[in-house]
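To keep things clear, I will list the structure first and then write my remarks on it.
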Amino acid sequence: KCYSVILGSCGKNGKDTMKVLEILEEMQSLGLRPNVYTFTICIKILGRAGKVDEACALMRQMKEEGCKPDVVTFTTLMNAFCKAGRLDEARELLNEMRRSKCRPDCVTYNTLIHKYGHLGDVGTVCKLWEEMEADGCEPDVFAFTTLIHALCTAGKVEEAFGVLDKMVKKGVSPNLYTYNSLIGGLLKRKRLEKAQNLLQVMRVHGCEPTSFTYNFFFDYYVKEAQFNEAYQLFLQMKRKGIAPDVVSFNICIEGLGEAGKVREAKDLFEEMRLVGLSPDNITYNMMIRCYGKAGKVDKAIEIFLEMMENGCNPDETTANSLLDILYKAGRADEAWKMFDEIQQMGVSPSVVTYNILVNGLGKSGNIKEAVELLDEMKAKGCP
RNA sequence: GCCCGCGGUACUUUCUC
């Protein structure tokens, strides 16, 4: 039990994921038998770090040691599969649960519904929802919100409000997440006034909007190139004592960059640091794109260097953006150099990477090389 | 037999076409 707590906090740190396996071994060498809780925590930590196969292996191990996985264990592993996009295996897990007469519960269904929602597969979402109800699960706020979010993602806002009615009738009160999802759905459909009304409604119901809430509006405004309104919103937040967060700035920087307002984007980029916020990967990636689009390739590279200086690890998007920019600027040599560097930084090329390269090669008439690259991609089983 | 404690799910921003 004590170890479970330690493991739990270990996982929250997010670092040294593989250490959990060491700790697990240490427990066993001390003659302690990890219980379901212990295993489940470990599976969660591994899953969150994307080590799904390791998580899977751990599940097998616990079975071999005579420790029966329960609903929570199954659901945890299922979530890991979902996050990794390995839906078939997640579904198979559901079947396995049913076979081993371990009843899936509300959370189990929710996990799957959430994933299908993100994929925009409303059909499967509804089917799973029915299965859930047929299984005797009473949906809670989480479940309803997940369903609402799925519908909003698919642009079906009316239906989402229908679900809102249903949940209220069943005595389940919407919470901040529920309202946020609905506001996001409304703004996605450009229903600004309705979204603003809902903002009032949620306050009345005791849900104070957070930066998440406001960020939906920022996103709407900048994508509509309504920068003044975005600025007004910023002032409004200030009055209410809600601080914009990194994402708020990111959204606005991206919007300005997209509109070709490089100078203003750069100003915001500086301003966020003045208010004590550190740019994250996404901020840097956006600034790189912003300069790239404006044809300021060297500026983009400058940002890239600054990013590393500030201890931000370049990711796949960073690499792809730079590749794209360099290629389009006709600086193919540098692009190829980057391609090698990327892999040395532990970032693996994705389909997008190859698309950029194949595209670039094709345009410059190097059809042969492009075909070779495609073969290489297939051979590597590129994600 | 009962009670309590430890594990799972939901909201916002970036790359090619």
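So you know, we letter chains A, B, ... as the sequences are listed, proteins then strands, and number each from 1. For the numbers below, each heavy atom of this structure counts, side chains included, while hydrogens, waters and symmetry mates do not.
The residue T75(A) sits close to a base: some heavy atom pair falls under 4.0 Å. Residue contacts shown for T108(A) include a base, since a base heavy atom lies under 4.0 Å away. Heavy atoms of K83(A) sit under 4.0 angstrom from primed sugar atoms or phosphate atoms, though from no base atom. Within 4.0 Å (heavy atoms only), K293(A) reaches no atom of the nucleic acid at all. Here V36(A) lies in heavy-atom contact (under 4.0 Å) with a base. The residue I356(A) sits close only to the backbone: its heavy atoms come under 4.0 Å of sugar-phosphate atoms, none of a base. Residue-level contact check: D70(A) touches the bases, meaning some heavy atom is under 4.0 Å from a base atom. Counting non-hydrogen atoms under 4.0 angstrom, D315(A) reaches nothing in the nucleic acid. Among the heavy atoms of the strands lying under 4.0 Å from T73(A) is at least one base atom, whether or not backbone atoms are also near.
Residue F74(A) contributes atom CZ, which lies 17 Å from atom P of rU9(B) at whole-angstrom precision. If you measure from atom CE of M97(A) to atom C1' of rU9(B), you get 12 Å, rounded to the nearest angstrom. A straight line from CD of E254(A) to C1' of rU12(B) spans 13 Å, rounded to a whole angstrom. Rounded to whole Å, the distance from CG on D324(A) to C1' on rU14(B) is 13 Å. Atom CG in N320(A) sits roughly 12 Å away from atom P in rC17(B) (whole-Å rounding). Atoms CG (L233(A)) and P (rU13(B)) sit 16 Å apart, rounded to a whole Å. With rounding to whole Å, M62(A) atom CE is found 16 Å from rG7(B) atom P. Look at CG on L151(A): it is 13 Å from C1' on rA10(B), rounded to the nearest Å.
Taking only side-chain nitrogens and oxygens, H118(A) never comes nearer than 4.0 Å to OP1 or OP2 of rA10(B). At the phosphate of rU16(B), OP1 or OP2 sits under 4.0 Å from a side-chain N or O atom of R289(A). The side chain of K44(A) places an N or O atom within less than 4.0 Å of a non-bridging phosphate oxygen (OP1 or OP2) of rG8(B). Phosphate proximity of rC15(B) to K328(A): absent, as no side-chain N or O sits under 4.0 Å from OP1 or OP2.
For H149(A), the listed nucleotide lying nearest its side chain is rC11(B); candidates were rG8(B), rC11(B), rU13(B). Counting only heavy atoms from C-beta on, V107(A) has its side chain closest to rU9(B) among rG7(B), rU13(B), rU9(B). Nearest to the side chain of S181(A), among rC11(B), rG7(B), rU16(B), sits rC11(B). For F212(A), the side-chain atoms get nearest to rC11(B) when compared with the rest of rG8(B), rC11(B), rC15(B). Distance from the side chain of M286(A) is smallest to rU14(B) among rC11(B), rU14(B), rG8(B). Side chain of V247(A), nearest nucleotide from rC11(B), rC15(B), rU12(B): rU12(B). The side chain of Y37(A) sits closest to rC6(B) out of rU16(B), rU14(B), rC6(B). Listed nucleotides rG7(B), rU9(B), rU14(B) differ in distance to N79(A); the shortest reach to its side chain belongs to rU9(B). Comparing atom distances between the S321(A) side chain and each of rC15(B), rU16(B), rU12(B) picks out rC15(B) as nearest. Listed nucleotides rC17(B), rG8(B), rA10(B) differ in distance to F142(A); the shortest reach to its side chain belongs to rA10(B).
In summary, D333(A) and K337(A) do not engage in a salt bridge, as defined by a charged side-chain N under 4.0 Å from a carboxylate O. Under a 4.0 Å N-O distance rule, the pair R98(A)/E131(A) qualifies as a salt bridge.
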Intermediate values then yes/no, side-chain contact (heavy atoms from CB on, under 4.5 Å), T178(A) and F144(A): CA-CA 8 Å; T178(A) 321; F144(A) 278 116; over 6 Å; no
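Applying the 3.5 Å distance criterion, the base of rG8(B) shares no donor-acceptor pair with the side chain of T111(A). Not a single donor-acceptor pair, N or O on each side, falls under 3.5 Å between the base of rG8(B) and the side chain of N110(A). Applying the 3.5 Å distance criterion, the base of rG8(B) shares no donor-acceptor pair with the side chain of T76(A). A donor-acceptor contact under 3.5 Å is formed by the side chain of D105(A) with the base of rG8(B).
In this structure, the salt bridge (charged side-chain N to carboxylate O under 4.0 Å, His left out) partners of R99(A), at least two apart in sequence or on a different chain, are E92(A). By the salt bridge (charged side-chain N to carboxylate O under 4.0 Å, His left out) test, R239(A) is found to be paired with no residue, residues two or more places apart in sequence or in another chain being considered.
Using cut-offs of 30° and 60° on the angle between ring planes, the pair H118(A) and H149(A) is perpendicular. Taking the six-membered ring where the residue is Trp, H205(A) and Y179(A) present tilted rings, their angle falling between 30° and 60°.
Under the 4.5 Å side-chain criterion, counting only non-hydrogen atoms from C-beta, L94(A) is not in contact with F74(A).
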